[in-house]
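All values below were derived from every heavy atom in this structure, side-chain atoms included, with hydrogens, water molecules and symmetry-related copies excluded. Everything numeric in this text was worked out from a predicted model, so none of it was measured. Per chain, numbering begins at 1; letters A, B, ... match sequence-line order.
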There are 2 protein chains.
Amino acid sequence: MSVTIKDIAKLAGVSHTTVSRALNDSPLINPETKERIKAIAGSMNYTPNYSARSLVLDRSYNLGLFFTTLHTGTSAGFLYEAIKGVNDVIKDDYNLIVRGIDDYKSFHKVNRKNFDGIIVMSQSESDQSFIEYASDKEIPLVVLNRPVESVQVMNFVPDDQSGAYRLTEYLVQQGHRHIAIIEGKKGFKSTQARRDGYCEALRKHGISVPETYFVSGNYDLESGHAAMSKLLELPDRPTAVFCCNDDMALGAVKAVTERGLSVPEDISVAGFDDHLFSAFMSPALTTVRRPIEELSRAGAEKLLKFIETKHSEKSVVLFHTELVIRDSVKSL
Amino acid sequence: MSVTIKDIAKLAGVSHTTVSRALNDSPLINPETKERIKAIAGSMNYTPNYSARSLVLDRSYNLGLFFTTLHTGTSAGFLYEAIKGVNDVIKDDYNLIVRGIDDYKSFHKVNRKNFDGIIVMSQSESDQSFIEYASDKEIPLVVLNRPVESVQVMNFVPDDQSGAYRLTEYLVQQGHRHIAIIEGKKGFKSTQARRDGYCEALRKHGISVPETYFVSGNYDLESGHAAMSKLLELPDRPTAVFCCNDDMALGAVKAVTERGLSVPEDISVAGFDDHLFSAFMSPALTTVRRPIEELSRAGAEKLLKFIETKHSEKSVVLFHTELVIRDSVKSL
DNA sequence: CATAGAAATGCACACGTTAACAATGCTATT
DNA sequence: AATAGCATTGTTAACGTGTGCATTTCTATG
C-alpha cells in the first residue's frame, strides 16, 4: 500500500539499488539521475520504512530517557526540564522514548537492537542493576544526576554536596545557629549528598544540632508539609530550615503560614533545585540552582557524539550548582 | 552476535519456523517441544528483533504522545500528569515516544509504519494540521484536551467552559462584583473556553466589567505576575482575579505580596487546573480541577482498544471539571 | 487392512532496505 | 589501438521474523 523504493525504481526505470543510493546521497550516482529520482520520490510522497532500514543497519533510531520512577520522588519540574533538554538536542531522526525504570518487570526488551542509546536520569541506587545491565549489553549509555562507580559510564552530575554546603554556610552567615534539615527520599543518592553538604558546613562552623533537627521527607509537597509541622512543634524550634528540594520547601512554607506564622519573619526556609515556580513563591525562595536542563542537553549531546564516533571519555563530570539568594531567609 | 530463532532452531534440532511458532504460543506445536524450545530460548537469553518483526507484521510497537509544544504554554505539571497517565496504561510491549509537534519541520516520519497509534495532547488549533495529517494517514488517533471538529477522531476533553463558569459564579456568590481575568495563551482553545465560561457567568448575573479587566497572559508564571501587576495599578482595582491556570495564579499572588498586600484579604485570586502544588500555596489556591491524568489514562486505554479491535465510536467525550474551594478567595 | 484425516513439522518466500560484488560503457594513457 | 581505470548502474544476497502451503507421521474409522 505505501510507496517503496521499488515503486520508485519502476517509475524511474532504474534498479531499486540506484534509488536507495540516490536517496542516501551516495556519490556513486550521477547527479542528474539523483535529482530525477529525488523528484519522483518527493512526488510519490515516499517515506522510508524504518523497520526495514533498522533491520539491515542494525540501528533502531530509538533513544531512551529513563527515570528512576515516574511516581513519587520525581517532581514534575524535574521531568519537564529533563525532557526539554534532551528533546532540544536530538535530531529529527531519533525517537525519544520516556519511561520509568521501575515500570519494567524485566529488562528483556532493553537491548542494542531496540535502543541506539540510553540516557538514565538516575536518582537512586536502585537503578544500579539497570545501569549495569545496559552497560553489560554495550548499549551506549549516559548516566545523569547521580555518580556511578561500579561501572565505567559517561556520567554527568550536579554537585549537590557543595551546593548544600554553600547554602548551609549562607544560613550560618546570616546568623542562624539552629538549622534543621528536611531530607529527601530515603535511598536516593541526592538525599545523602545534600545531607552531607549540610553536615559538613555545620561541622566546619562548629555548630551542633539535636537529632530532632533531622526530619525525613520524600521530595514531595506533602512530606515537606508534614516535616515542617513536626519541626514547629519542637520545644527548641529551629530558626532556619533547609528543605532538600523546592517542592518540600513549598509544603514547608505552607505549614508555617497555616499556623499564623510567617516566612522569613518567624522562621527561615531554604530549598534546593530552583524550579520554575521557586522565584514566584511568597516569599521568593532562597535555594540552590541545579542546571537540570543544561545537564540533560549536555548528556544528550555526548550520547549522540558517542553513537557517531564510538569514542569518548567515560568519566564523571561535575556540574556547578549555584546559590540563589531570594527572600525566604532572614538575617538575624 | 545476538541470538536469533535460527540459533535456537539449530540447538533444538528443529526448523526456525517451529521455534517462531513455539515462542508465539501457536497451537500447532506439540506442547512438549514448545516447552523445550522455550527453555532453550530462555537459557540462551533470546530477545526477539523488533525491527524484523515490525517489518513483517507491519507494526512498530511505538505509541506517540504529542504535545502542542514542549516550550512555553505547556506547564510542567501538565506534562507530568499526561505522561504518568498514559504510561500507567500502556503495556510492556509499547514504546512511548514523547514529542512536541512544533519540533517537527515536516511530518514526513509520522506514519503508520512508525506509529501504531498516536495520542495528541492538543492545546492549540495550530495542531490542526498535524491532527488532520495523522487522521489522513489513517493512524489510530486519540485527541485529548481540545475538541476537534474538522475531523472525526476519538476525542476526550475536560469541560473547561463550565468549570470556568462555576468558578466565576462562586466568586459572585462570595460577593464579588469586580472580577478580572488573566487569560491564557493566545490561540489556545482552552483560553477561549475559560474566557467564555467567565463571560457567561458574568452575563448571567448581570455584571459588566471594564475592558481593562481582561489582561492577556500565556500560561506561565511570569505572565501571571506581569498581568496582576497591571491590574493592581488600575484605579478601579478588582476585588477578585480569575487566573486561567494555576501557574499564572502563583505568579499573580507573588505580584500581590510584593506590594505588601495579601491574598485574600486585599484581593482574591482563583486559578484553574489544580496542579499538585496548588493545595500547598499560601494561601491554598481556590481553583478548578482538571482530571488530566484520568483523561490521559482513558485516552490511552481507548487507543489500545482501538488498535486491537479496530473499532470504536469517534465522538467527543466531556470530562467533568470540579470546583475546588480553598483559601484564596475572601467572602465580601 | 486401507484410507481419511488430524497433528506436527519443514520449506520457501515475503517484508523493504542496504551493500558487496559484478557488469557495462566510456575516457585517458601508452 | 589496446588497455587500464573510472563512473555509473544492476544483480544478488542479507538482515530476522512470520506464514501459506507441502510433507510426514500417526491415529482412528470403516
Side-chain angles (χ1 to χ4, degrees), chain A residues 1-38 40-41 44-62 93 95 108-109 111-116 137, chain B residues 1-38 40-41 44-62 93 95 108-109 111-116 137:
Chain A
M1 45 195 74
S2 53
V3 195
T4 74
I5 52 172
K6 291 189 181 176
D7 300 326
I8 301 176
K10 216 170 287 172
L11 216 77
V14 298
S15 76
H16 74 274
T17 308
T18 305
V19 175
S20 171
R21 291 204 179 102
L23 296 180
N24 287 324
D25 260 334
S26 159
L28 292 178
I29 301 294
N30 185 316
E32 289 167 29
T33 42
K34 193 185 283 187
E35 279 319 306
R36 193 164 57 86
I37 289 173
K38 280 187 180 176
I40 295 178
M44 292 181 81
N45 228 316
Y46 167 77
T47 38
N49 183 320
Y50 276 76
S51 302
R53 184 181 280 178
S54 294
L55 182 57
V56 56
L57 292 186
D58 203 29
R59 302 190 43 190
S60 64
Y61 299 98
N62 287 337
D93 35 36
N95 290 321
H108 220 64
K109 276 165 198 150
N111 54 46
R112 289 194 59 188
K113 296 260 187 276
N114 295 183
F115 290 95
D116 287 351
K137 289 251 173 181
Chain B
M1 43 197 74
S2 54
V3 195
T4 74
I5 52 171
K6 290 187 183 180
D7 300 327
I8 301 177
K10 215 169 288 172
L11 217 76
V14 297
S15 75
H16 78 273
T17 308
T18 304
V19 175
S20 170
R21 291 203 179 105
L23 296 181
N24 288 324
D25 260 334
S26 157
L28 291 178
I29 301 295
N30 184 316
E32 290 166 29
T33 43
K34 193 185 284 187
E35 279 319 308
R36 194 164 58 88
I37 290 173
K38 281 188 179 176
I40 296 178
M44 293 181 80
N45 229 316
Y46 166 77
T47 37
N49 183 319
Y50 276 75
S51 303
R53 184 181 281 179
S54 293
L55 181 57
V56 55
L57 292 187
D58 204 27
R59 301 191 44 190
S60 63
Y61 299 96
N62 286 339
D93 35 36
N95 290 321
H108 221 62
K109 275 164 199 150
N111 53 46
R112 290 194 56 187
K113 294 259 187 280
N114 295 184
F115 290 96
D116 288 350
K137 289 251 173 181

Tell me: CG of B/L28 to P of D/dT23, nearest whole Å?
-> 18 Å
Check whether any side-chain nitrogen or oxygen of B/R53 sits under 4.0 Å from OP1 or OP2 of D/dG16, and answer yes or no.
-> no
Assess whether one donor atom and one acceptor atom, taken from the side chain of B/R59 and the base of D/dG18, lie less than 3.5 Å apart.
-> no
Using atom CD1 of B/I8 as one end and atom P of D/dG18 as the other, report the distance to the nearest whole Å.
-> 11 Å
Any luck finding a side-chain donor-acceptor pair between B/T17 and B/S20 under 3.5 Å?
-> no
If you find the nucleotide of DNA chain C closest to A/N49 and the one closest to B/N30, which residue's nucleotide is nearer the 5' end?
-> B/N30
Scan A/S51 against the nucleic acid and name what it touches under 4.0 Å (heavy atoms): base, sugar-phosphate only, or nothing.
-> nothing
To the nearest angstrom, the CG-P distance between B/D7 and D/dT17 comes to 9 Å
Side-chain N or O of B/T18 closer than 4.0 Å to phosphate OP1/OP2 of C/dT9 = no
Could you tell me the separation between the CG atom of A/L23 and the P atom of C/dG16, rounded to a whole number of Å?
-> 15 Å
Polar contact flag, side-chain donor to acceptor under 3.5 angstrom, A/S51-A/S54 = no
What one should report as the nearest heavy-atom pair of B/Y46 and B/I5 is OH-CG2, 3.5 Å
Kindly compute the distance separating CG (A/N24) from NZ (A/K34), expressed to the nearest 0.5 Å.
-> 10.0 Å
Assign A/S54 to base, sugar-phosphate, or nothing according to its heavy-atom contacts below 4.0 angstrom with the strands shown.
-> nothing
So what does B/L57 touch, heavy atoms closer than 4.0 Å: a base, only the sugar-phosphate, or nothing?
-> sugar-phosphate
Are OP1 or OP2 of D/dT9 and a side-chain N or O of A/T33 less than 4.0 angstrom apart?
-> yes
Rounded to whole angstroms, how far apart are OH on A/Y50 and P on C/dT17?
-> 11 Å
Atom OH of B/Y61 and atom C1' of D/dG16 are separated, to the nearest Å, by 13 Å
Separation of atom CD1 in A/I29 from atom C1' in D/dC6, rounded to whole Å | 15 Å
Taking all heavy atoms of B/H16 and all of B/K6, pick out the closest pair and write down the distance.
-> CB-CG, 3.9 Å
Check every strand shown and say whether A/S15 touches a base, only sugar-phosphate, or nothing at a heavy-atom separation below 4.0 Å.
-> base
Here the distance between atom P of C/dA8 and atom CG of B/N24, to the nearest Å, is 17 Å
Comparing B/T17 with A/A52, nearest DNA chain C nucleotide closer to 5' gives the residue B/T17
Least distance between heavy atoms, B/T47 atom then A/H108 atom | CG2-O, 3.0 Å
Tell whether B/H16 reaches the base of C/dT9 with its side chain through a donor-acceptor pair below 3.5 angstrom.
-> no
Looking for any heavy atom pair under 4.0 Å, which part of the strands does A/L55 touch: base, sugar-phosphate only, or nothing?
-> base
Distance test, side-chain N/O of B/R21 to OP1/OP2 of D/dG18, below 4.0 Å | no
What is the nucleic acid contact for B/Y46, judged by heavy atoms within less than 4.0 Å: base, sugar-phosphate only, or nothing?
-> sugar-phosphate
